[in-house]
Amino acid sequence: MISIKEMADVPVKLTEGHRLCAGCAEPIIAKQVLLGTDKPVVVSNATGCFEVSTSGYPYNAWNVPWIHSAFENAAATISGVESAYRVLKRKGKVQDDIRFVAFAGDGATYDIGFQALSGAIERGHQFLFVCLNNEAYMNTGIQRSGATSKGAATTTCPSGTCIPGKREFPKDITKIIAAHDLPYAAQASPHNWKDLIEKSAKGFEANGPAFINVISPCPRGWRHESAMTIEIAKLAVETCLWPLYEFQDGKWKITGESKRIAEGTKEKRPIQDWIKSQGRFKHLLDPKWKNLADEFQENVDKKWEELIKLSKQ
Amino acid sequence: MPARISVIMKPGTAKEYETGSWRSMRPVVDKDKCINCLVCWMYCPDNSVLVEKGELKGFRYSHCKGCGICANQCPKKAITMVEEGKE
Ligand code: SF4
Ligand code: SF4
């Protein structure tokens with residue numbers, strides 16, 4: 001990997017002037033992902049915050065070819081581009097070695113875009129799919145998604161006197177994707193930029209479909225100060241709610257801080273710290289919902305132990 | 001009538017859309033404390049930390065939204081957020 005000073009010299013692929021909220025993690029993640037290759041890239045983007053905010057007509061924040069067609073088909077779109085590229089390359093009409101990446105929010109990954117994503121992986125296209133996971137449909141006003149945490153308040157699962165926010169646990173989409181037996185899948189966080197850039201580089205060079213699920217704190221929807229975005233991403237990892245790991249050639253490997261926690265050289269923080277850090281969980285601090293907070297911790301522990309077991313296989 | 005389509009032919013035109021007016025707090029760096037680690041550059045969501053030849057040169061106030069991530073992440077506490085309109 002090149003040094004951070006050299007990275008700062010690389011011409012930017014995503015410019016300033018986009019309209020994502022102050023402190024949004026998405027452009028930080030995209031910048032790190034795109035630093036994972038020095039080859040020309042084509043980007044496809046699912047409908048969502050990231051798409052709408054980087055392409056408001058008559059402006060666009062992209063210095064690389066970028067395509068948006070619909071909410072559900074970022075993966076289908078990029079597989080079409082990649083197929084055309086392979087044909088043109090075979091015919092000698094394109095010489096460049098090009099890489100393909102799709103960015104999608106959690107709605108466009110876990111829910112609406114899942115079918116297109118699963119199909120594109122099964123067909124074996126060479127592309128990297130990045131989920132910018134802010135755990136709800138933020139662009140349309142914070143509605144729950146299949147990625148929303150149990151206990152989180154959204155506008156479609158608000159917290160009130162009877163209901164403590166969302167009542168279901170999120171899907172474990174990274175494991176669902178890994179079950180496709182693809183060359184590369186990973187979980188990452190923008191606070192550990194080295195880990196995320198390395199994983200992106202592996203994804204771009206996986207020689208087949210690759211998937212990275214990245215936690216993307218959202219000041220507006222998670223109800224935290226804009227300055228706290230990176231801290232909160234780190235906290236997700238330190239509580240083991242969002243372990244850093246990769247799945248490559250059928251093997252699970254824990255990485256970054258998560259590896260140190262698994263080895264016992266770093267402390268695992270209680271989920272209470274995570275709950276306290278964001279307004280969307282505020283109601284869980286009420287003794288009335290203590291059982292839910294306990295259940296939250298139990299679920300994190302259970303998933304973490306499962307991952308440790310997988311990594312030892 | 002010939003069809004008219006509106007197409008943006010130039011890349012990166014969002015640069016012309018200045019988001020600096022969103023800001024209520026402005027980052028200011030103390031270069032005596034700064035060690036040019038560029039952590040602030042890595043985490044800026046708005047490409048607004050200016051770097052030249054590996055050195056932090058200041059901020060792109062035309063676009064910086066004042067989120068405060070740079071100040072919060074700087075390991076040397078070299079960046080302070082100052083209220084706009086005040087010195
Ligand atoms: S993070 Fe702090 S020390 Fe590092 S370059 Fe930025 S201002 Fe300087
Ligand atoms: S305050 Fe936010 S937008 Fe402005 S330079 Fe710092 S990190 Fe970038």
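A note on names: the letters A, B, ... follow the listed sequences, proteins ahead of strands, and every chain is numbered from 1.
Of the possible donor and acceptor atoms, none in the side chain of T15(A) sits under 3.5 Å from a partner among the backbone N and O of A14(B). A donor-acceptor pair under 3.5 Å is absent between the side-chain atoms of K53(B) and the main chain of D9(A), judged by distance alone. Using modelled atom types, no side-chain atom of Y59(A) and backbone atom of E16(B) make a donor-acceptor pair closer than 3.5 Å. Remark: the backbone N or O of L20(A) is not paired with any side-chain donor or acceptor of D46(B) at under 3.5 angstrom.
Across I4(A) and L38(B), no two heavy atoms sit closer than the pair CD1-O, 3.4 Å. The two residues C67(B) and S226(A) come nearest to each other via the heavy atoms O-OG, 2.8 Å. Across all non-hydrogen atoms, the minimal contact from N36(B) to K5(A) is O-NZ, 2.8 Å. Between I69(B) and G23(A), the closest heavy-atom pair is CD1-CA, 3.8 Å. Between N72(B) and A227(A), the shortest heavy-atom distance links the atoms ND2-O, 2.8 Å.
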In sequence, state the C-alpha distance, the side-chain angles, and the governing distance for E16(A) and K15(B), and then conclude on salt bridge (Lys or Arg N to Asp or Glu O under 4.0 Å).
CA-CA 6 Å; E16(A) 62 277 16; K15(B) 276 186 247 172; 5.6 Å; no
Mind running side chain to side chain contact (heavy atoms under 4.5 Å, CB included) on Q73(B) and H191(A) for me, showing each step along the way?
CA-CA 10 Å; Q73(B) 292 303 318; H191(A) 87 275; over 6 Å; no
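In terms of heavy-atom pairs under 4.5 angstrom with chain A, the leader among S48(B), C64(B), G54(B) is G54(B). The candidate from A61(A), G56(A), P58(A) with the greatest count of non-hydrogen atom pairs under 4.5 Å with chain B is P58(A). Ranked by heavy-atom pairs shorter than 4.5 Å toward chain A, the options K10(B), E18(B), R60(B) are led by R60(B). Between chain A and the options P45(B), G68(B), S62(B), the largest number of non-hydrogen pairs under 4.5 Å is found for P45(B).
Remark: Y43(B) OH to I230(A) CD1 distance equals 5.5 Å, nearest 0.5 Å. Separation of atoms OG1 (T13(B)) and CH2 (W62(A)) is listed at 13.0 Å; rounding is to 0.5 Å.
Looking at R23(B), there are no atoms closer than 4.5 Å to chain A (heavy atoms on both sides), in backbone or side chain. Only the backbone of C37(B) comes within contact range of chain A, with heavy atoms under 4.5 Å apart. Neither the backbone nor the side chain of I29(A) comes within less than 4.5 Å of any heavy atom in chain B. Of the atoms belonging to V49(B), not a single heavy atom falls under 4.5 Å from chain A.
With contacts defined as side-chain heavy-atom distances shorter than 4.5 Å, the pair H18(A)/Y17(B) does not qualify. Two residues are said to be in side-chain contact when any heavy atoms from C-beta on lie closer than 4.5 Å; Q32(A) and M42(B) meet this criterion.
Judged by the 6.0 Å and 45° rule, K31(A) forms a cation-pi pair with W41(B).
For K93(A), the NZ atom counts as loosely surrounded, since its 6.0 Å shell holds 12 or fewer non-hydrogen atoms of other residues, nucleotides or ligands. For E225(A), the CD atom counts as loosely surrounded, since its 6.0 Å shell holds 12 or fewer non-hydrogen atoms of other residues, nucleotides or ligands. The number of heavy-atom neighbours closer than 6.0 Å to NZ of K266(A), taken from other residues, nucleotides and ligands shown, is above 12. By the 6.0 Å contact criterion, NZ on K31(B) is enclosed, its count of non-hydrogen atoms from other residues, nucleotides or ligands being greater than 12. Crowding of R220(A) atom CZ: a count of heavy atoms from other residues, nucleotides or ligands under 6.0 Å not exceeding 12. For K13(A), the NZ atom is densely surrounded, since the number of other residues' heavy atoms within 6.0 Å is greater than 12.
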